[in-house]
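Here's the structure, in structure tokens; my notes come after.
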There are 2 protein chains.
Amino acid sequence: MSFCKRLQTIFSNVCKNYRIFALCPCLTVYFKIEDVALTQESRLTLTGLAKLAGVSTSTASRALRDNPLIKKETRERIQALAKEHSFSINHAASQLRTQKTNVVAVILNLTDHTEQSINDPFLLKMVSALNLALNKAGYEMLLSNSMMADSDWASYFISSRRADGLIIVGQGKSEDNVNDVVTAKAPLVVWGDPKLNKNYPIVGSDNQYGGYLATKQLIESGCKKVLFLGDTEHTEMAQRYLGYQQALKEAELHFDPSLTIDIDITSKAAYEKVNQEILNRGLFFDGIFAVSDMVAFGALKALKERYVSIPGDVSVVGFDDINMAELFHPALTTVRQDTDLAAQLMVEQLICQFEQKPAQSKVLEVELIKRRSTPESY
Amino acid sequence: MSFCKRLQTIFSNVCKNYRIFALCPCLTVYFKIEDVALTQESRLTLTGLAKLAGVSTSTASRALRDNPLIKKETRERIQALAKEHSFSINHAASQLRTQKTNVVAVILNLTDHTEQSINDPFLLKMVSALNLALNKAGYEMLLSNSMMADSDWASYFISSRRADGLIIVGQGKSEDNVNDVVTAKAPLVVWGDPKLNKNYPIVGSDNQYGGYLATKQLIESGCKKVLFLGDTEHTEMAQRYLGYQQALKEAELHFDPSLTIDIDITSKAAYEKVNQEILNRGLFFDGIFAVSDMVAFGALKALKERYVSIPGDVSVVGFDDINMAELFHPALTTVRQDTDLAAQLMVEQLICQFEQKPAQSKVLEVELIKRRSTPESY
DNA sequence: TTGAAAGCGGTACCAT
DNA sequence: ATGGTACCGCTTTCAA
């Protein structure tokens, strides 16, 4: 054992709180262990950083949060030091103290009885828009299907302080879960039908007007028998259905209930149903208003397989305007929902609640995007 | 001021730790404030629950985590009580104590120079698969674009204890960010090219074999001039390119560099480029291997607009097998990547690291899905 | 089988 | 402008 080693050992035994720093015997420097804790394996903490900077933890904390109470010079010095050591605040500790998580849970509220899944492009578009909007506002997004939280969202996310608030995408057909969240007084925004007069803020498109626009476009293209392809019980779809009826009425067209085809809102269901209907009843329609682009795609596939010309024989209008709508052949005429704006509004309304301000429901304008699945206007 | 009120006031002044419970003067009952904290507004804490149950916090904590140290009876009683009061553990406090977040951050690693975005269906499919796999393993998913974390992922997510580990989707073209994470010794799994011999685990498809299969299919369909449509610099795509070359070689077809079309891997770029190429050079190819389904869709759109028959004049094979592939007309022949299995493997490899076990790269098998964009086999 | 108590790493009130 | 210090709510060691 070298002299240095031995010295170190003896030294350690003498006083466990000190450690030899430089091992040259004539120049032995020692520090209290806490002073060199930084060189240990354990991660750097605020206390450590403060010690490095020669200030108190309070000062370090304030400096990092750019609190003007601290002299600018000091602030910058500490921030630089933090960057140098790639130190970052322990989020859990901070959370515990401030009772703020800076996390928002996004829950995709899919009812069991539909096949519409987390794979649905529109939902995913919504999710990515939300992600962006949340990040912009300084929040992280915790994405959840309903598996973890099962049903008691309030206690899972809020009471357990996993998130500061909830964004629920889709009202689905049941709203028990949502009501529980409201009862628990958890900050909450729902994507759904904003015209519903609920005691929680709902952001959504003007679905009825969208349905009206879509149907009107078909009628103006010369369609006399417009199919409604969708789920009339689904909250938002029901609104679109109203718009459909409104447009028919306005054009003084007879409302034929046999033109309402109730399906699960997936491409697959649409494809199968349209196929089957044509098989049974022939081409008894000349236009389709599909409640979503995905449903429209399914219908189009069926039509194309039967060599029905689009928009020659049948015109089709969708809803959502997902990216694929433009890429499809023929490019799909559809009603655009502005997901970016929607996400932004939802985040705004949620933040209102964080700040104890009242939140409101918001209706988003929709826009008809004319493409090739309806005839060119003349 | 009523007698009761006054009594209460006086009482409060005398001893701030006690509070009148029943205000009837002849029957004044008082408790230490901490005993009635439960009736206060503040949320129920473990301490409160323990008090309600008449046990210590230690016991309550253990009971909730089903620790067999506690008598079964006691455990059940406390668990029932927790459910009754819809109590749930404060996640932040628990995190701080255990140094475990049970959260995994998923980062979509998109390079700046590509338009491929968070809207990309394949990426989203991956994300939803990861969400499911993580939830199944008891982890939450923190979804992040690169905005919040900017570049220093390790310090943002790990050192700040926001997440226990990282899953990075996409190697992109630069791996500086990834290397930083490795240096910081953060648990990490990357979705990318698993054949790359890196010092971190990579899960990915057998891209070269996929490219080979796709090209082989085209050649067997009678194609003599197969276009490669993609980005030869992108790690995974480069592998697919190798497979393309391999298939050509095997079939003793001349490798013509002018048949390699380098594009940004988006539908839009593919559409524009194919359009332009046909304009400039005519229909100089009879098959297209597109490096992704989205790229294939772009190409198909261009072809269809020019009335090129598919697969009559040109056959097309994609890569990924996103949901739309089947829905497209003609349904797209493509190479399937198994995202569900991929997600599962990634989560497994990440958990290995949590448990200090070594993690490995994993190669996923790919499968050719024959549909209508290539001729029926005969 | 249960309880007491010491932290986990910050933040913010109250001093100075 | 800065420091001392009492928490935030839970887990876990040690003691009983």
Inset, instruction - Please identify each residue that fulfils side chain to side chain contact (heavy atoms under 4.5 Å, CB included) with B/A359, with sequence neighbours left out. - result: B/P201, B/Q349, B/C352, B/Q353
Legend entry - Non-hydrogen atoms of B/L345 and B/K362 that approach each other most closely: CD1-CB, 4.1 Å
Inset, instruction - For DNA chain C, determine which residues of residues 85-98 of chain B have any heavy atom closer than 4.0 angstrom to one of its atoms, and list them numerically. - result: B/L96, B/R97
Inset, instruction - Compare all side-chain heavy atoms of A/Q79 with those of A/D66 and state whether any distance is below 4.5 angstrom. - result: yes
Inset, instruction - Report the distance from atom CG of B/N67 to atom P of D/dC10, rounded to the nearest whole Å. - result: 17 Å
Legend entry - Interatomic distance where NZ belongs to B/K51 and P belongs to D/dG9 [whole Å]: 12 Å
Legend entry - Test side-chain hydrogen bond (donor to acceptor under 3.5 Å, both in side chains) applied to A/T57 - qualifying residues, sequence neighbours left out: none
Legend entry - Considering all heavy atoms, the nearest B/I158-B/A163 contact: CD1-O, 3.5 Å
Legend entry - Residue list, side chain to side chain contact (heavy atoms under 4.5 Å, CB included) with B/E76, at least two apart or on another chain: B/K72
Inset, instruction - With sequence neighbours excluded, give me every salt bridge (Lys or Arg N to Asp or Glu O under 4.0 Å) pair touching residues 183-192 of chain A. - result: none
What nitrogen or oxygen pairs link the protein and nucleotides 3-5 of chain D at under 3.5 Å?
from	atom 1	to	atom 2	distance (Å)
D/dG3	OP2	A/S56	N	2.8
D/dG3	OP2	A/S56	OG	3.1
D/dG3	OP2	A/T59	OG1	2.4
D/dG3	N7	A/R62	NH2	3.1
D/dG3	O6	A/R62	NH2	2.8
D/dG4	N7	A/S58	OG	3.1
D/dG4	O6	A/S58	OG	2.9

Inset, instruction - Taking side chain to side chain contact (heavy atoms under 4.5 Å, CB included) as the test, write out the residues that go with A/R62, two or more places apart. - result: A/S58, A/N67, A/L69, A/I70
Legend entry - Axial bend angle, the helix from C/dT1-D/dA16 to C/dT16-D/dA1: five-pair end segments, nearest 10°: 30°
Legend entry - Nucleotide range of DNA chain C lying under 4.0 Å from chain A heavy atoms: C/dG9 to C/dC13
Inset, instruction - Can you measure from CD (B/Q95) to CG (B/N90) and round to the nearest 0.5 angstrom? - result: 9.0 Å
Inset, instruction - Only counting residues at least two apart or in another chain, list the ones meeting side chain to side chain contact (heavy atoms under 4.5 Å, CB included) with B/A184. - result: B/A154
Legend entry - First of B/L69 and B/Q99 reached from the 5' end of DNA chain C, by closest nucleotide: B/L69
Inset, instruction - Keeping to residues at least two apart or across chains, list the salt bridge (Lys or Arg N to Asp or Glu O under 4.0 Å) pairs with something in residues 95-110 of chain B. - result: B/K100-B/D164
Legend entry - Residue pair B/L350 / B/P187: nearest heavy atoms and the distance that separates them: CD1-C, 3.7 Å
Inset, instruction - Using side-chain hydrogen bond (donor to acceptor under 3.5 Å, both in side chains) as the criterion, list what pairs up with A/T74, not counting sequence neighbours. - result: none
